[in-house]
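Here's the structure, in structure tokens; my notes come after.
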Amino acid sequence: MRHITAFALATVALSCSGSKYDYAGFQTHKYFPLDGESRQWTYLNENLDYLLQVDMLSPKEQDGSISIATLEYSRKDPTQLLWTVKWSSNSTDGIQIHGYLLEDTGDDGGGDDTGDAGGDDTGDTTDVTAETGTWVSFSPPIQFSEYQMAPGDSVQSTTGGVTYTSTLVSQEKCPNNWVADPWDCLVFNLEGDDDLPFVGTWWLATDWGVSRFQPASMADGEPWVLTKAEWIEE
């Protein structure tokens with residue numbers, strides 16, 4: 001079910017580089033680009049003592065007309081794979097999540113305790129109760145976004161016995177640690193199974209994709225913020 005707002009956006013700034021388009025809403029796939037031979041993003045979280053590295057693997061998987069990219073999310077230095085998610089993003093289907101794998105890291109999920117003795121633990125993305133070590137495929141996929149949405153629009157999908165609701169909350173400036181000037185980002189909130197690392201709030205920008213994200217399991221902590229991105233053309 002898709003809930004449509006009653007207003008239409010006029011000429012709006014869509015890109016971190018300032019490109020503009022005229023239509024009623026945003027072409028969401030432009031904010032989660034998965035083109036190129038490979039991509040890599042590195043993120044910092046103020047409450048954790050390691051960087052998170054995200055690698056887009058090559059080649060992509062083809063499912064009919066949909067090109068599916070596999071993204072691996074790893075703790076950096078020393079490298080430890082934490083979870084894997086299959087994403088797609090295109091002008092027809094919008095942004096979709098096709099499956100995931102949570103690694104059995106052996107962590108106790110304690111996270112980084114930044115408070116005084118006996119204080120609150122900030123938690124960690126590995127602190128999940130979902131099954132680990134088993135690949136989970138979504139059929140149908142989770143609809144993260146329709147191909148075109150305006151702030152206030154939401155899309156709902158049910159898969160694997162869980163209903164997920166994704167809402168385009170707003171467009172706002174979103175600073176990161178990689179560039180000096182804030183980007184224009186679309187802010188999405190995906191609700192569903194909070195144990196899964198892709199459920200939460202996402203700040204997406206054109207050209208480079210995820211500028212910031214905060215899993216629901218880390219809602220009381222700090223978001224992951226982009227510190228570096230690389231792209232290799234096909």
Side-chain angles (χ1 to χ4, degrees), residues 14-17 19 21 25-43 51-74 76 81-102 125 135-149 155 157 159 164 166 168 171 174 176 178-179 183-190 192 196-215 223-234:
L14 292 187
S15 172
C16 51
S17 58
S19 299
Y21 301 83
F26 297 92
Q27 297 180 39
T28 60
H29 73 284
K30 294 178 179 290
Y31 289 77
F32 203 96
L34 295 172
D35 59 319
E37 180 179 345
S38 66
R39 284 179 177 264
Q40 183 182 90
W41 303 264
T42 305
Y43 297 89
L51 297 176
L52 184 72
Q53 181 171 302
V54 183
D55 292 285
M56 186 180 78
L57 305 185
S58 182
K60 299 183 185 71
E61 178 183 333
Q62 202 68 28
D63 182 8
S65 62
I66 300 176
S67 178
I68 300 173
T70 300
L71 271 58
E72 290 187 340
Y73 299 74
S74 303
K76 190 175 181 181
L81 181 60
L82 301 177
W83 68 86
T84 305
V85 181
K86 288 187 177 182
W87 295 85
S88 66
S89 178
N90 62 62
S91 60
T92 301
D93 304 289
I95 305 170
Q96 296 179 324
I97 300 172
H98 297 263
Y100 73 94
L101 172 66
L102 298 178
T125 52
W135 184 264
V136 177
S137 296
F138 293 126
S139 182
I142 295 173
Q143 196 71 43
F144 186 91
S145 78
E146 297 281 15
Y147 76 97
Q148 184 167 298
M149 297 177 73
V155 59
S157 49
T159 185
Y164 297 87
S166 185
L168 173 50
Q171 183 200 31
C174 63
N176 58 53
W178 187 39
V179 295
W183 289 343
D184 292 325
C185 286
L186 298 185
V187 183
F188 282 90
N189 185 47
L190 177 63
L196 302 181
F198 48 78
V199 171
T201 304
W202 297 77
W203 289 258
L204 310 181
T206 57
D207 299 335
W208 294 103
V210 181
S211 179
R212 307 160 70 93
F213 71 101
Q214 185 162 18
W224 290 104
V225 181
L226 184 69
T227 61
K228 183 181 178 182
E230 296 180 3
W231 173 72
I232 298 176
E233 186 177 4
E234 287 181 306

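Aromatic ring orientation, F144 versus F32: tilted (interplanar angle from 30° to 60°). Ring-plane geometry between F213 and W202 is classed as parallel, the angle between the planes falling under 30 degrees on a 0 to 90 degree scale with a further cut at 60.
To the nearest 0.5 Å, atom CH2 of residue W87 and atom CD1 of residue I68 are 13.0 Å apart. The OG atom of S89 sits 11.0 Å away from atom CD of Q27, with the distance rounded to the nearest 0.5 Å. Atoms OG and CG, on S74 and L52 in that order, are 7.5 Å from each other to the nearest 0.5 Å. Within the model, atoms CZ of F188 and CH2 of W203 stand 13.0 Å from one another, a figure rounded to the nearest 0.5 Å. Once rounded to the nearest 0.5 Å, the distance linking CG of N189 with OG of S166 reads 7.5 Å. One distance of note links CH2 of W41 with CH2 of W178; it measures 11.0 Å at 0.5 Å rounding.
No side-chain heavy atom of L196 sits less than 4.5 Å from a side-chain heavy atom of V85.
The minimum heavy-atom distance linking Y43 with V54 is given by the pair CE1-CG2, 3.8 Å. Residues G36 and M56 come closest through the heavy atom pair O-CE, 3.7 Å. In terms of heavy atoms, R39 sits closest to W208 at NH1-CE3, 4.0 Å. Contact record, V199 with G192: CG1-N, 3.7 Å, taken as the closest heavy-atom pair. Nearest heavy atoms, L51 versus W224: C-CZ3, 4.4 Å. For P33 against D207, the heavy-atom pair with the smallest separation is CG-O, 3.5 Å.
In this structure a side-chain-to-backbone donor-acceptor pair under 3.5 Å is missing from W83 to F198. Looking at W231, its side chain does come within 3.5 Å of a backbone N or O of D35 through a donor-acceptor pair. Judged purely by atom type and a 3.5 angstrom limit, T159 has no side-chain atom pairing as donor or acceptor with the backbone of I142.
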Q: Assess whether side chain to side chain contact (heavy atoms under 4.5 Å, CB included) is satisfied between Q171 and D184, documenting all intermediate values.
A: CA-CA 7 Å; Q171 183 200 31; D184 292 325; 3.8 Å; yes
Dump the intermediate steps for side chain to side chain contact (heavy atoms under 4.5 Å, CB included) on L71 and L34, then the final yes or no.
CA-CA 10 Å; L71 271 58; L34 295 172; 4.2 Å; yes
- Going through the distances and angles, do S137 and W135 end up as a side chain to side chain donor-acceptor pair (under 3.5 Å)? CA-CA 7 Å; S137 296; W135 184 264; 3.1 Å; yes
Inset, instruction - Evaluate the side chain to side chain contact (heavy atoms under 4.5 Å, CB included) criterion for residues W183 and L226: first the C-alpha distance (whole Å), next the side-chain angles of each, then the deciding distance (0.1 Å), finally the verdict. - result: CA-CA 11 Å; W183 289 343; L226 184 69; 3.8 Å; yes
| query | Please walk me through it: do L57 and T84 pass side chain to side chain contact (heavy atoms under 4.5 Å, CB included)? | reply | CA-CA 10 Å; L57 305 185; T84 305; 5.8 Å; no
Indicate every side-chain donor-acceptor pair of residues 91-99 with a distance under 3.5 Å to a residue at least two apart or in another chain.
| unit_1 | atom_1 | unit_2 | atom_2 | d |
| --- | --- | --- | --- | --- |
| D93 | OD2 | N90 | ND2 | 3.4 |
| Q96 | NE2 | Q143 | OE1 | 2.9 |
| H98 | NE2 | S88 | OG | 2.7 |

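Annotation: side chain to side chain donor-acceptor pair (under 3.5 Å) contacts involving residues 54-69, sequence neighbours excluded, comprise Q40-D55, Q53-D55, E61-K86.
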